[in-house]
Amino acid sequence: MNLLAQELPLPKSIQATPIPGKNQDPLIAHNLQKEQYVGIIGLAIALVTAVGFFSRRFEYAIVFALVLSAIIIAFFLSV
């Protein structure tokens with residue numbers, strides 16, 4: 001019971017020293033960002049095309065939802 005009444009020492013805080021200049025983290029691929037966007041857009045187009053192969057009405061619904069989402073996102077980013 002005496003152990004519960006004792007105060008425990010506080011752990012020392014660890015502080016990171018920032019690297020001056022650009023962040024040189026080797027785990028982050030900064031140069032591949034454009035290729036990732038192109039790949040995502042290509043995958044979305046392929047998905048809409050594959051769905052449109054089976055159901056034209058469902059393809060139109062997906063395209064309409066994507067366009068409406070882009071308009072809403074642009075509206076909220078401009079406000």
Side-chain angles (χ1 to χ4, degrees):
M1 285 295 195
N2 202 7
L3 291 175
L4 294 175
Q6 292 178 354
E7 285 191 31
L8 296 174
L10 295 175
K12 294 181 182 178
S13 62
I14 299 173
Q15 295 181 354
T17 55
I19 299 172
K22 220 174 171 190
N23 190 1
Q24 299 294 330
D25 192 356
L27 297 178
I28 299 175
H30 294 285
N31 297 334
L32 296 178
Q33 204 166 25
K34 292 178 185 174
E35 289 85 357
Q36 288 173 351
Y37 286 133
V38 169
I40 290 170
I41 291 171
L43 188 62
I45 291 172
L47 178 67
V48 169
T49 305
V51 168
F53 180 73
F54 296 109
S55 172
R56 183 66 66 188
R57 292 172 70 191
F58 194 61
E59 178 187 10
Y60 291 150
I62 290 175
V63 170
F64 176 74
L66 289 174
V67 170
L68 187 64
S69 297
I71 291 171
I72 292 172
I73 289 170
F75 173 73
F76 281 118
L77 287 178
S78 67
V79 172

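Because only heavy atoms are used, hydrogens play no part in the values below, and waters and symmetry mates are left out as well, while side chains stay in.
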Residues 65-72, side-chain donor-acceptor partners within the protein, below 3.5 Å, at least two apart:
{"from": "Ser69", "atom 1": "OG", "to": "Ala65", "atom 2": "O", "distance (Å)": "2.8"}

Subject >> Partners meeting side-chain contact (heavy atoms from CB on, under 4.5 Å) with Leu77 (sequence neighbours left out) >> reply: Ile73

Please tabulate, one pair per line, all N/O donor-acceptor pairs under 3.5 Å involving side-chain atoms of residues 38-56, not counting sequence neighbours.
{"from": "Thr49", "atom 1": "OG1", "to": "Ile45", "atom 2": "O", "distance (Å)": "2.7"}
{"from": "Ser55", "atom 1": "OG", "to": "Phe58", "atom 2": "N", "distance (Å)": "3.3"}
{"from": "Arg56", "atom 1": "NH1", "to": "Glu59", "atom 2": "OE1", "distance (Å)": "2.8"}

